[in-house]
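Residue numbering restarts at 1 for every chain, and letters A, B, ... go by the order of the sequence lines.
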Number of protein chains: 2
Amino acid sequence: MREPLRADMFADPDCSGRLQPIRFGDKWSGMVLRCLEDGPRRFSELRVPLHWITPKVLTETLRAMERNGFLTRTAHAENPPRVEYELTVLGRSALGPMNVACDWAREHLPALAEAREAYERG
Amino acid sequence: MREPLRADMFADPDCSGRLQPIRFGDKWSGMVLRCLEDGPRRFSELRVPLHWITPKVLTETLRAMERNGFLTRTAHAENPPRVEYELTVLGRSALGPMNVACDWAREHLPALAEAREAYERG
DNA sequence: CAGTATCCTAGGAGATACTG
DNA sequence: CAGTATCTCCTAGGATACTG
């Protein structure tokens, strides 16, 4: 629940390519969803597993998800500033279909790869 | 099983926007998957429900899905030519997660829309 | 720390025209 | 009918630098 996010959270080479045909929103939303699964996280904390995504793009992603009601943004009046992002009930409900998609991908990734090789051979 | 595809198959205005945060592959793959659900279809038959997608883009989409092993392309030696696209077992298996995602979207679309309105109001 | 502000680029996607 | 072949456009996404 409160362990730090691992830097290699999305480092699996099998998933870094385009083998996974199911996407959640834009490029990063699905991964952010996964990052927030175990509780609220800070801006810079999210950057680590997300391959050091640039602040501009992470801000855009978080704003879009906030706008869609997937997460809330809480700025604490401290110095240095601390901002936390946390899934809403709606956002958490999206983990359901995402897990189904992930299970499907894990199960069929070998078949995907094999189909590509067969296609390449002609 | 053999009814023609309806032209307004994807005409629902609620789904034409960006409210649906789950995407299958590129812009058209998910819809093609749905179009082939009930059996093989011809190239020009697919164009109708797909908003008269340009042939170039439909070809690209079909080639990508064929490459990933989602469907097969069968050219019949006739005149005029007839080509049929049909889902493979792998392609059909992707309908599982897609239906889960569609169910989720249908259930939460009102909440999505409401979240947006609330965000817009500030 | 948690962001803005600029600038830039690759490629997904469409319009249009042509062909075996 | 079932596609190619070109051309063009848009924008998601990244690089870099700066700030309250």
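- By the side chain to side chain contact (heavy atoms under 4.5 Å, CB included) test, A:E86 pairs with A:P40, A:T72, sequence neighbours left out.
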Could you write nucleotides 13-20 of chain C as a row of B, S and -, 5' to 3', where a protein heavy atom under 4.0 Å of any base atom gives B, of only sugar-phosphate atoms gives S, and otherwise -? BBB----B
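- A heavy atom lying under 4.0 Å from DNA chain C marks none of the residues of residues 70-80 of chain B.
- When rounded to the nearest whole Å, the span between NE2 of A:H51 and P of D:dG13 equals 15 Å.
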Dot-bracket for DNA chain C, 5' to 3', counting Watson-Crick or G-U wobble pairs under 3.5 Å, with [ ] for crossing pairs and | for inter-strand pairs? ||||||||||||||||||||
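- Every salt bridge (Lys or Arg N to Asp or Glu O under 4.0 Å) that A:K56 has, sequence neighbours left out, goes to A:E60.
- Residues B:V48 make up the rest of the hydrophobic cluster containing B:W52, defined by ILVMFWY side-chain heavy atoms closer than 4.5 Å, directly or through other members.
- The phosphate of D:dT4 (OP1 or OP2) has a side-chain N or O of B:R63 nearer than 4.0 angstrom.
- Note on B:R42: every side-chain N or O is 4.0 Å or more away from OP1 and OP2 of D:dC1.
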Determine, stepwise, if the pair A:R82 / A:E84 fulfils salt bridge (Lys or Arg N to Asp or Glu O under 4.0 Å). CA-CA 7 Å; A:R82 182 166 58 94; A:E84 289 198 310; 3.7 Å; yes
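- With B:E45 as reference, B:R41 is the one residue of B:R42, B:R47, B:R41 to meet the salt bridge (charged side-chain N to carboxylate O under 4.0 Å, His left out) rule.
- Closest to the side chain of B:V83, out of D:dT4, D:dA2, C:dG3, is D:dA2.
- Looking only at side-chain heavy atoms (C-beta outward), A:D38 and A:E3 stay at 4.5 Å or farther from each other.
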